[in-house]
Number of protein chains: 4
Amino acid sequence: MDQTGEEDGTGAGSAPRRTRIQQKNREAILEAALEVFSQHGFRGATVDQIAQAAGLSKPNLLYYFPSKEAIHIELLSTLLDTWLAPLRRLDPEGDPKAEILAYMHRKLEMSRTLPRESRLFANEMLQGAPRMKDMLEGDLKALAQDKAAVIARWSDEGKIAAVDPYHLIFAIWALTQHYADFEVQVRAILGPDHDPFSEADTFLTTLFNRLLAR
Amino acid sequence: MDQTGEEDGTGAGSAPRRTRIQQKNREAILEAALEVFSQHGFRGATVDQIAQAAGLSKPNLLYYFPSKEAIHIELLSTLLDTWLAPLRRLDPEGDPKAEILAYMHRKLEMSRTLPRESRLFANEMLQGAPRMKDMLEGDLKALAQDKAAVIARWSDEGKIAAVDPYHLIFAIWALTQHYADFEVQVRAILGPDHDPFSEADTFLTTLFNRLLAR
Amino acid sequence: MDQTGEEDGTGAGSAPRRTRIQQKNREAILEAALEVFSQHGFRGATVDQIAQAAGLSKPNLLYYFPSKEAIHIELLSTLLDTWLAPLRRLDPEGDPKAEILAYMHRKLEMSRTLPRESRLFANEMLQGAPRMKDMLEGDLKALAQDKAAVIARWSDEGKIAAVDPYHLIFAIWALTQHYADFEVQVRAILGPDHDPFSEADTFLTTLFNRLLAR
Amino acid sequence: MDQTGEEDGTGAGSAPRRTRIQQKNREAILEAALEVFSQHGFRGATVDQIAQAAGLSKPNLLYYFPSKEAIHIELLSTLLDTWLAPLRRLDPEGDPKAEILAYMHRKLEMSRTLPRESRLFANEMLQGAPRMKDMLEGDLKALAQDKAAVIARWSDEGKIAAVDPYHLIFAIWALTQHYADFEVQVRAILGPDHDPFSEADTFLTTLFNRLLAR
DNA sequence: TATGAATGAGCATTCATTCAT
DNA sequence: AATGAATGAATGCTCATTCAT
């Protein structure tokens with residue numbers, strides 16, 4: 001997914017040296033696991049499925065990761081960074097409404113291009129975030145507070161309409177992720193002749209423009 | 001095997017005769033299953049958990065329902081009706097903006113009072129609706145089309161601002177269900193001193209007012 | 001092995017009610033496990049072996065005991081009581097030498113009739129008593145101290161020859177258990193025409209008579 | 001595969017040529033294997049544990065020995081020689097009681113200095129000597145018969161008290177090995193302030209003196 | 001209706017050993 | 001002489017479901 005190279009959970013230590021084949025297999029496993037976990041959830045996924053999808057034998061897969069859970073955790077750790085990146089880019093010095101709209105667009109784009117990651121995340125949330133709670137109350141909370149303060153300031157300064165900054169963020173998350181997480185429903189209703197994401201882009205642009213207009 | 005003749009979604013079959021104890025146990029099972037399925041997903045839930053939560057032995061539970069899957073399907077069937085009820089009540093003859101806002105409020109209220117149902121539904125969607133696709137493309141689609149037409153008319157007649165009626169419905173779904181489905185995340189960010197649903201009520205009222213204002 | 005009915009490890013609580021079939025199967029499992037564990041050790045034994053020896057399927061065995069380890073622990077708990085019984089009967093008011101010789105005989109008889117128990121115990125000791133250390137430092141130590149004091153008194157009062165009471169007890173254990181634990185070796189050396197236990201009886205009687213004679 | 005031509009107990013084969021590093025690694029492996037096998041038994045030990053303890057990779061370890069079992073067998077073969085050495089030194093021409101006591105002391109000293117070897121041997125005996133039976137019925141039996149005959153002669157000649165020579169040997173084995181094999185138990189009972197082996201020395205000296213006194 | 005007993009299929013993980021380099 | 005990579009065969013345990021009563 002990204003070439004930043006995953007840490008081993010310690011977050012600190014020296015980068016683990018990996019041979020080319022290790023790198024390749026680890027990536028294949030994570031890619032396969034993303035596919036399987038996002039579709040079936042943690043418990044619903046089997047190591048066999050993942051191994052097969054990665055083109056490895058089950059014991060060989062467990063040569064690269066110590067356990068099924070370790071793969072899941074690795075995915076979630078990497079995911080959170082990816083997930084928060086668009087929000088991180090919200091620039092306190094930029095034009096308020098443009099910044100918020102741009103953020104929404106980046107987030108919608110992520111739903112479009114990374115729907116499996118979105119579903120993996122949603123799965124974890126639905127189950128009460130058993131493996132992610134710490135991350136939520138750490139990085140995520142800090143970032144949300146930071147950006148909410150920025151938005152609140154914009155709101156106070158009259159640069160955008162008055163609006164609860166936290167719930168504005170929630171709204172962006174909810175509205176964009178919905179198109180990934182509830183894709184079946186959206187497609188069932190719209191039928192095959194619609195392009196949900198392009199319509200969503202238009203609709204959400206309107207929505208946030210009206211919501212934030214002074 | 002399934003001599004209880006449970007209504008299977010067709011809505012036709014003869015009314016199943018049930019003693020009071022049967023009724024009570026079926027309800028206990030469905031209540032328990034809702035709890036367990038919504039928390040752990042279908043594969044993550046075990047019949048044992050459900051039986052224990054229902055206060056029954058495992059074989060006795062399977063006397064009432066032929067299989068784990070049958071319980072799940074029964075829950076989903078019932079759920080869809082509950083889920084669509086608020087939308088059904090959207091009155092074509094009512095005041096457009098008031099109707100839409102009232103619908104949103106009913107939906108948010110459902111997220112507040114029935115979060116387990118919301119998560120059960122979300123779980124099913126995330127997995128591609130393997131057990132619900134027909135219902136989506138049947139009742140749900142029909143209802144959505146029907147109500148979208150109403151909203152489109154309102155929009156055309158200038159009674160509300162121009163808006164894509166389908167995506168308006170999606171927005172209501174996404175924004176209200178988010179507070180049930182991503183509750184951990186919302187609470188992790190807001191902390192213990194907030195009342196997410198009451199704040200959401202205010203925020204969403206504002207949001208839809210601005211979106212729909214002529 | 002004995003009809004006292006095993007506790008479930010809590011040591012306290014009410015006696016677990018068991019149906020006849022439960023009683024029968026539990027006993028079959030423990031008997032089979034004794035056979036297998038004493039021969040192959042804990043790690044060397046497989047649940048499959050035990051199940052087969054007990055005439056049960058693997059999952060059915062695990063219906064009666066939660067894990068392989070639980071069976072092992074149950075065996076060891078029961079065993080310690082059996083194991084200490086002969087020493088418990090050492091009567092402080094009896095004739096000193098006769099009491100000690102009688103104890104030795106009871107212990108030797110146990111090696112003869114319960115060699116598997118002896119080997120199970122020896123196996124556990126060899127590995128450092130990972131599952132029995134507490135029992136050793138509890139019941140066993142207390143009993144040994146108690147009886148060592150009795151023997152020390154006899155020794156002090158000149159009723160038996162001066163002797164270290166603890167090491168006298170160890171000597172009885174070592175000498176009697178040897179015929180069970182090292183049975184292959186004893187038989188390899190003596191050949192098929194000897195009766196090790198009857199010879200041991202004579203030899204050990206002589207040994208302790210000479211050791212303890214005033 | 002096994003081109004190193006390890007002496008396989010027959011004692012005949014050509015002397016294996018080994019480089020210094022080979023020699024060093026073989027020794028490291030055997031040392032590590034002794035540690036691990038004596039603690040966990042054959043089945044309980046893993047090749048990984050041994051390799052790690054020896055500071056080698058698993059495949060490299062298997063370059064030196066064709067299999068886990070081969071290491072075990074090698075250990076046992078070497079062990080038997082070590083084990084019997086003290087008895088071999090029993091001098092038919094020496095002073096009978098002094099010889100027997102000296103043998104007992106050598107054996108006790110071995111328990112003190114080589115407890116792992118003692119436990120390895122005990123483990124093998126407990127399991128019925130599956131890998132050692134031939135050795136028992138060969139070298140061991142011959143030596144035991146030889147020395148038993150010596151003791152029997154001494155006994156017949158009145159140089160020591162009348163005693164069954166085989167069971168006298170067993171007694172020495174049992175009493176000395178007990179302090180290595182059942183060390184946990186001994187220490188659990190005596191507590192930390194005792195020196196089991198030094199006390200055993202005193203006790204066993206007394207015991208055999210009284211047993212053998214004319 | 002209800003439950004104790006039983007099981008086949010499956011699952012995550014371990015492990016001795018082999019392969020390729 | 002050494003090791004990273006790979007695997008077949010277990011191994012302990014779980015689970016939905018069935019059987020017998």
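All heavy atoms count here, side chains included; hydrogens, waters and symmetry mates do not. Below, chain A is the first sequence line, B the second, and so on; all start at residue 1.
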Over all strands shown, is Arg20(A) touching base, sugar-phosphate only, or nothing at heavy-atom distances under 4.0 angstrom?
nothing

Separation of dT3(F) atom C1' from Ile21(D) atom CD1, nearest Å, is 14 Å

*asked:* Within the 4.0 Å heavy-atom criterion, would you say Ala70(C) contacts the bases, only the backbone, or no part of the nucleic acid?
replied: nothing

| For the side chain of Gln22(B) and the backbone of Thr19(B), is there at least one donor-acceptor N/O pair under 3.5 Å apart? | yes

The correct set of residues in residues 48-60 of chain A placing a heavy atom under 4.0 Å from DNA chain F is Ser57(A), Pro59(A), Asn60(A)

Parsed dot-bracket for DNA chain F after applying the Watson-Crick and G-U rules with both distances under 3.5 Å and | for other-strand partners is .||||||||||||||||||||

When rounded to whole Å, the OH to P distance for the pair Tyr63(B) and dA20(F) reads 18 Å

Residues at least two apart in sequence or cross-chain that pass ring pair (Phe, Tyr, Trp, His ring centres under 6.0 Å) with Phe42(A), listed by chain then number, are Phe37(A), His72(A)

Side chain to side chain donor-acceptor pair (under 3.5 Å) pairs touching residues 51-63 of chain C, sequence neighbours excluded, are none

Looking for any heavy atom pair under 4.0 Å, which part of the strands does Tyr64(C) touch: base, sugar-phosphate only, or nothing?
sugar-phosphate

Hits for salt bridge (charged side-chain N to carboxylate O under 4.0 Å, His left out) against Glu35(D), two or more places apart or cross-chain, chain-then-number order -> Arg116(D)

Residues pairing under side chain to side chain donor-acceptor pair (under 3.5 Å) where one sits in residues 121-130 of chain A, two or more places apart or in two chains, turn out to be none

Look at the side-chain N and O atoms of Asn25(C) and state whether any lies under 4.0 Å from the OP1 or OP2 oxygen of dA6(E). yes

Side-chain (Gln39(B)) to main-chain (Val36(B)) donor-acceptor, under 3.5 angstrom | no

